[in-house]
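Sharing a structure with you now.
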Amino acid sequence: MSSVRHIVFDIGRVLIHYDPEVPFARLIPDEDERRWFFDNVCTHEWNLEQDRGRSWEEAEALLIAEHPDRADLIRAFRLNWHEMVVPHYADSVAILDALIEDGHDVTMLTNFAADTFAEAREMFDFLNKPRGVTVSGEIGLIKPDREIYDHHAKAFGLDPAATLFIDDSPKNVEGARAAGWQAVHFKNPEQLKADLKAAGIDA
């Protein structure tokens, strides 16, 4: 790797992971019904559609139109989404915090719709620490489109050749590399620390 001056961390799945085995049990006690709800209504694909800039209200209306018999649950999903936060990446959040506290130039990206992101900032202190946080949905671009990386580089004054991009999606890593960024595939915190060390960064 060449010299790294900026670190860009994609945090979408660091915060939110919808697990049909655990969350929403208070509102959907039956395990089979809960699994059906996540497999057919509030799916991962539906959540990713918010990358296109839809607000929760718009997304909610589309779901209710498709599943009117589950309108109350769909509205409850919106109001109680924090119950579905599963800390799979708590260690990587700790690494991110350490980088910020050590004075590294860290920019974070999130795939949330803007209204969801505003709520997340109230829940997670580290979202307010970096010099830059951008919401992909606000610019209506979907990774791994080349344009989204160019947008982030311009918005935050990044030199792509001196920027290290961290993401848990191989496609996003490939997209960043195609835009001239250095990039590593996040697999687990231990590997992330090793990748950072290879770039001359202790975390």
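Everything quoted here is computed from the prediction, not taken from an experiment. Just so you know, these numbers use all the heavy atoms, side chains as well, and skip hydrogens, waters and symmetry mates.
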Checking side-chain contact (heavy atoms from CB on, under 4.5 Å) between Phe9 and each of Ile95, Thr107, Asp167, Leu96, which is the one that passes?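 Only match with Phe9 under side-chain contact (heavy atoms from CB on, under 4.5 Å): Leu96.
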
Can you classify the ring geometry of Trp181 versus Tyr149 as parallel (below 30°), tilted (30 to 60°) or perpendicular (above 60°)?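 Answer is perpendicular, since the angle exceeds 60°.
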
Measure the CD1-CG distance between Ile166 and Asn172 for me, rounded to the nearest 0.5 Å.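 Going from CD1 on Ile166 over to CG on Asn172, the span is 13.0 Å.
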
Using the rule given for side-chain contact (heavy atoms from CB on, under 4.5 Å), can you reason through Leu73 versus Val41, listing the C-alpha separation, both sets of side-chain angles and the distance that settles it, and then say yes or no? CA-CA 10 Å; Leu73 281 178; Val41 182; over 6 Å; no

Going through the checks in order, is the side-chain contact (heavy atoms from CB on, under 4.5 Å) test met by Val184 and Leu164? CA-CA 7 Å; Val184 297; Leu164 179 65; 3.9 Å; yes

Leu99 pairs by side-chain contact (heavy atoms from CB on, under 4.5 Å) with which of Asp105, Asp202, Ile7?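 Answer after filtering Asp105, Asp202, Ile7: Ile7.
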
Any idea how Phe77 and Phe37 line up, ring-wise: parallel (<30°), tilted (30 to 60°), or perpendicular (>60°)?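 The rings of Phe77 and Phe37 sit tilted, inter-plane angle from 30° to 60°.
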
Locate the shortest heavy-atom distance separating Arg121 from Leu127; write the atom from each residue and the value.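 The answer is NH2-O, 3.5 Å.
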
Evaluate whether atom NZ of Lys193 has more than 12 neighbouring non-hydrogen atoms of other residues, nucleotides or ligands under 6.0 angstrom away.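 No.
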
Interatomic spacing from CD1 in Ile201 to CZ in Arg5 - rounded to 0.5 Å: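 Output value for this atom pair is 12.0 Å.
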
So, Arg177 side chain and Ala183 main chain: donor-acceptor pair closer than 3.5 Å or not?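 It does hold such a pair.
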
Taking all non-hydrogen atoms of both residues into account, name the closest pair between Gln182 and Ala161 and its distance.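 It is NE2-O, 2.8 Å.
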
Do you know the tightest heavy-atom contact between Ala176 and Phe165?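 Heavy atoms only, the tightest pair is CB-CD2, 3.5 Å.
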
How far does CG of Asp69 sit from CD1 of Ile64, to the nearest 0.5 angstrom?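 Between atom CG of Asp69 and atom CD1 of Ile64 there are 11.0 Å.
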
Within the side chain of Arg34, is there an N or O that forms a donor-acceptor pair under 3.5 Å with the backbone of Ile28?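 Yes, the answer is positive, given that a donor and an acceptor are paired below the 3.5 Å cut-off.
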
Check the pair Trp36, Arg70 against side-chain contact (heavy atoms from CB on, under 4.5 Å), reporting the backbone distance first and the verdict last. CA-CA 12 Å; Trp36 187 94; Arg70 286 176 168 77; 3.1 Å; yes

Can you hop from Leu109 to Val173 via hydrophobic side chains spaced under 4.5 Å?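 Each belongs to a different hydrophobic cluster.
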
Would Arg26 and Asn80 count as a side-chain contact (heavy atoms from CB on, under 4.5 Å) if you check the C-alpha gap in whole Å, the side-chain angles of each, and the deciding distance to 0.1 Å? CA-CA 10 Å; Arg26 178 174 61 82; Asn80 299 279; 3.1 Å; yes

To the closest 0.5 Å, what do you measure between CD (Glu190) and CG (Asp195)?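 Glu190 CD to Asp195 CG: 11.5 Å, rounded to 0.5 Å.
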
With the side chain counted from C-beta on, respond yes when Asp10 and Phe186 share a heavy-atom pair under 4.5 Å apart, and no when they do not.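 Asp10 does not reach Phe186 side chain to side chain.
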
Close side-chain approach of Lys129 to Glu101, heavy-atom, < 4.5 Å: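 Yes; the side chains approach each other to less than 4.5 Å.
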
With a 4.5 Å cut-off on side-chain heavy atoms, are Val4 and His104 touching?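 They are not in contact (no side-chain heavy atoms under 4.5 Å apart), so the answer is no.
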
Please enumerate all residues that pass ring-ring contact (aromatic ring centres under 6.0 Å, His included) together with Phe156, with sequence neighbours excluded.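 Listed in chain order: nothing, the list is empty.
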
Shortest non-hydrogen contact from Leu158 toward Val8: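 Looking at all heavy atoms of both residues, the closest pair is CD1-CG2, 3.6 Å.
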
